[in-house]
Amino acid sequence: MAQETRSISSTAIGVGSSHAAGSLENNFRVPTSGSNSDNQSHFLSGKTAVEFSSSEEDSDGGDVRGNRKIDILQLQAHIFSNYEPVSSPLVADEGLVFASGLSKIQDLLVAAKSGATTCMICLEKVRITDPIWDCRAGCYVIFHLICIQSWAQQSLMLAAEKSLARLSSAQFPLAARQAAEAACWHCPKCRTEYPKSQMPQEYRCFCGKEMDPAPDPWLSPHTCGERCGRSLQGDCGHTCTLLCHPGPCPPCPQLLQLKCFCGAKSEMRRCGRGNFSCDKLCNKQLGCGKHSCEASCHAGPCQPCKKMALHRCKCGSSVELRACAVADFQCELMCAKMLSCNKHQCKTQCHSGPCGDCQLQGRRGCPCGKVKYDGIDCDAMVPTCGSTCEKQLHCMIHRCPERCHYGPCIDTCRILINKFCRCGSLKKEVPCYQDLQCERKCQNLRNCTRHQCKRRCCDGNCPPCLEVCGRKLRCGNHKCPAPCHRGLCAPCPVTVRVACACGSTFYNVPCGTDKNIKPPHCTKRCLIPVLCVHAAIAKPHRCHYGACAPCQLTCNVELPCGHKCKSKCHGPRPPPNPLYKEKIIKKKKRVEEDCSEMKGSPCQPCLEMVVRDCLGKHIGGERMMPCSEVSTFSCAKPCGNLLACGNHYCGAPCHEITLHRGMAKGETKTNLEDADDPKEEDTQSHYAFTVGKFNGETMEDTCDTCSLKCQKKRNYCCPHPCSQICHPGSCPPCKSIVKRACHCGALVNVFDCGSFLSLTEDEQLKLLSCGGPCHRKMPSCSHLCPEICHQGPCPLVCHKKVTVRCPCQRRKREWLCSEVQAAQITKIDSKMEKSRGITSAGLLACDKECENLARDQEAKQKSDQIRQRQSEESQTAY
């Protein structure tokens, strides 16, 4: 197949040295697809690289790189994409192997780029000028050449000592020499064993082509810059096309026409990922030869046939329902067929084929085997010979002392013999079957040369030490978990992941070296959110440890006064990133952070120059001062605030006004319309208060209190003035006492002025009535008014009865008063004297009797006069 290659700078994907300047002239050959020609290649143009605006320092030399920077991770992803599968999904195990190979290369490249490659034996950094050796058979970890040589020599010496301890060089010189030559040493990291012949002797590049490669700033450390050329995994016949690199070679990326597991489908795939499934039925012939595989296309041999059917056992005596794959089975019965002797039955379990000859036919011997008999039938018992059995017992020293017998010999040999214990310090006569063991404890040191054997009655071959080594490893963090041993402990197997703050760029280093290694440089953006108000416009920066740089923008936060803060941003800052080390430190030094700086500080007082009003807000009393200064001042003008009375204005010098009721026109900026002449209906709601509330707090009036008498005129016909001090709103109802006579004048009522005048006219008339007779004289007569006390004149027509007499007063009659009045009017008209008094006389005419009586009376009067005159004359005479 044709192969086509691409050429990329080793520095661009992280293979280059940490001192490299980032040139794109060196070729990193990456196969894509096409021809087998190694000469056909092209360079990756600069358009593939992503440029960054800032530069970063190298971790070792501190050289500043050029302006044109390359996104290492993007280039690596682009190069390794050529090793990804072309079409169908892959087997999970193969995918894990593939991913682990690429990740191993990436880890080593990042470590080399950051100068973090560390020798696990001495825990020192591997410089670009140090000779190195890498474990190519296992973990691909890099060691100093001198360190691995010392390690290998010590391992071989220990192995030789162990072999000499088992085989004495004096008694077994050849075996001891062969054991020493066959001794192996192992890798300190993965424990992969290497023979003595592969002990490192020289410093070579990773691909092994060049000895003692010179450090080149344009190449990755310890590489030759040539094509790797190592055979790839799986012995596909292809070689690695990458430049000389650390770590394992990735799977073969060659594109080939490959078939699936069942062979039904063929497609173009990577050579290293050639095993794939077409997801169709396998249809391969199964082992039964009758059925085909019904599973989907799979790797490896097909599963046994699971078709169920009736099958006979090997002897044919039983029939069972079994799977086709286990059709040939044995039942649990004995065969029971007659043997060739026709006297005995076959005692073998169910089997196929002939049963065989009877084992009791032919030449037979007694149980001990000393005497042989010919011609004895197979069903006859062979007699014993009568001599001693003498079969070897289980002790393999003595023989059976009993006579020839059937059955096994005795299991326990009870012959008394003199025995030594295992350590040789005790000798005693004991039965042959019994082991002799003393109570003496071995005082010899075990192979670790640190602990005593302490085994009871030890034979000198002390077992290996079972204690845990427990010595502190060179990393300073862990103890050796291996069994107690001689020599140096193996390096700490723990690796520490050193990563950037976001975790996208990392490499693994041996335990104990992470304290002195800087985290790798990451080209990703910092993931810490910006907490100040400039999160939307803040300039992004690279991933880092520690606190982010403070924001340099202007605050521009709106202050409570309405202006914007002109100071540098002082908002909250996010907490710094934690330490990048993932190991748990029991006693971690706690760094006290400035919590106030993390939470941010409030904006400074506003310094904008603004116009401030005086306490009374008078026109012409303003002053210029900073906005944040809350100082108050008085302009010395009269206050002018409407007092609580609502009638007069405060005349005190300018002061703070807590309750604004209105100002005199032209005095302040807060005049109320018609404040000097408020409407009567609004005075109560606007001015009738001396205590108010502001933000839930009670505030008292700071203006003077009016002490004048009320001068308002009442709205109704009340002649009394208001008795209160000057007050807002309408005057209270008049409480003065007034006297009012009833309509007839018989009674005098007492009222308070306000209550009486507040009544309606009908209610007042009703209240002034005494409820009794009127007691006033009729206008036309002398009688009293017969009606209930009422307003206005009494009625003109009197309906009382009046006694009317004749002129002589003898004759009388009862007339209505109105008739009498009419008769009197008639008399007046006839020039008669009107009579107003008691009963009207002369209205009746006298009759004859009256005339007689009048004459008699007149005569009597005349006689009386004469008599009186005579008496007077007589007295005068005396």
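These numbers come from the heavy atoms of this one structure, side chains and all, not from hydrogens, waters or symmetry mates.
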Enter the distance from [X]:[atom1] to [Y]:[atom2] here, rounded to the nearest 0.5 Å.
{"X": "Leu527", "Y": "Ser504", "atom1": "CG", "atom2": "OG", "value": "8.0 Å"}
{"X": "Ser634", "Y": "His655", "atom1": "OG", "atom2": "NE2", "value": "8.5 Å"}
{"X": "Gln875", "Y": "Glu872", "atom1": "CD", "atom2": "CD", "value": "7.0 Å"}
{"X": "Glu819", "Y": "Lys801", "atom1": "CD", "atom2": "NZ", "value": "10.5 Å"}
{"X": "Lys862", "Y": "Glu858", "atom1": "NZ", "atom2": "CD", "value": "4.5 Å"}
{"X": "Cys742", "Y": "Ile788", "atom1": "SG", "atom2": "CD1", "value": "11.5 Å"}

For [X] and [Y], work out which heavy atoms get closest and say how close.
{"X": "Cys734", "Y": "Asp752", "value": "O-OD1, 3.8 Å"}
{"X": "Cys753", "Y": "His720", "value": "SG-ND1, 3.5 Å"}
{"X": "Cys502", "Y": "Lys524", "value": "SG-CB, 4.2 Å"}
{"X": "Ile725", "Y": "Cys706", "value": "CG2-O, 3.4 Å"}
{"X": "Pro795", "Y": "Met778", "value": "O-CE, 2.8 Å"}
{"X": "Lys712", "Y": "Ser730", "value": "NZ-N, 4.4 Å"}

Under 6.0 Å from the [atom1] atom of [X], do we count more than 12 heavy atoms belonging to anything else shown?
{"X": "Glu761", "atom1": "CD", "result": "no"}
{"X": "Leu759", "atom1": "CG", "result": "yes"}
{"X": "Gln711", "atom1": "CD", "result": "no"}
{"X": "Gln604", "atom1": "CD", "result": "no"}

field: For Cys710, the option from Pro721, Cys731, Cys645, Pro732 that meets side-chain contact (heavy atoms from CB on, under 4.5 Å)
entry: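 Only one of Pro721, Cys731, Cys645, Pro732 forms a side-chain contact (heavy atoms from CB on, under 4.5 Å) with Cys710, namely Cys731.
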Donor-acceptor pair, [X] side chain versus [Y] backbone, under 3.5 Å?
{"X": "Ser769", "Y": "Lys766", "value": "no"}
{"X": "Asn556", "Y": "Lys564", "value": "no"}
{"X": "Ser628", "Y": "Cys606", "value": "yes"}
{"X": "Thr505", "Y": "Cys500", "value": "no"}
{"X": "His534", "Y": "Thr554", "value": "yes"}

Contact check, side chains of [X] and [Y], non-hydrogen atoms, under 4.5 Å:
{"X": "Pro626", "Y": "Met609", "value": "yes"}
{"X": "Cys603", "Y": "Leu559", "value": "yes"}
{"X": "Cys555", "Y": "His570", "value": "yes"}
{"X": "Arg573", "Y": "Pro550", "value": "yes"}
{"X": "Gln764", "Y": "Phe751", "value": "no"}
{"X": "Lys637", "Y": "Cys614", "value": "no"}
{"X": "His544", "Y": "Cys526", "value": "yes"}
{"X": "Val611", "Y": "Arg623", "value": "no"}

- prompt: Can you list the steps and then say if His790 with Cys774 is a side chain to side chain contact (heavy atoms under 4.5 Å, CB included)?
  reply: CA-CA 7 Å; His790 61 87; Cys774 182; 3.9 Å; yes
task: For the pair Arg612 and Cys627, evaluate side chain to side chain contact (heavy atoms under 4.5 Å, CB included) and give the outcome as yes or no after the intermediate values.
output: CA-CA 8 Å; Arg612 291 291 185 188; Cys627 181; 3.9 Å; yes
- prompt: Should Leu607 and Lys566 be marked as a side chain to side chain contact (heavy atoms under 4.5 Å, CB included) after you check the CA-CA gap, both sets of side-chain angles, and the distance that decides it?
  reply: CA-CA 9 Å; Leu607 301 178; Lys566 302 298 182 182; over 6 Å; no
- request: Report the C-alpha distance between Cys522 and Arg542 in whole Å, list the side-chain angles of each, state the deciding distance to 0.1 Å, and finish with yes or no for side chain to side chain contact (heavy atoms under 4.5 Å, CB included).
  value: CA-CA 7 Å; Cys522 181; Arg542 290 186 180 181; over 6 Å; no
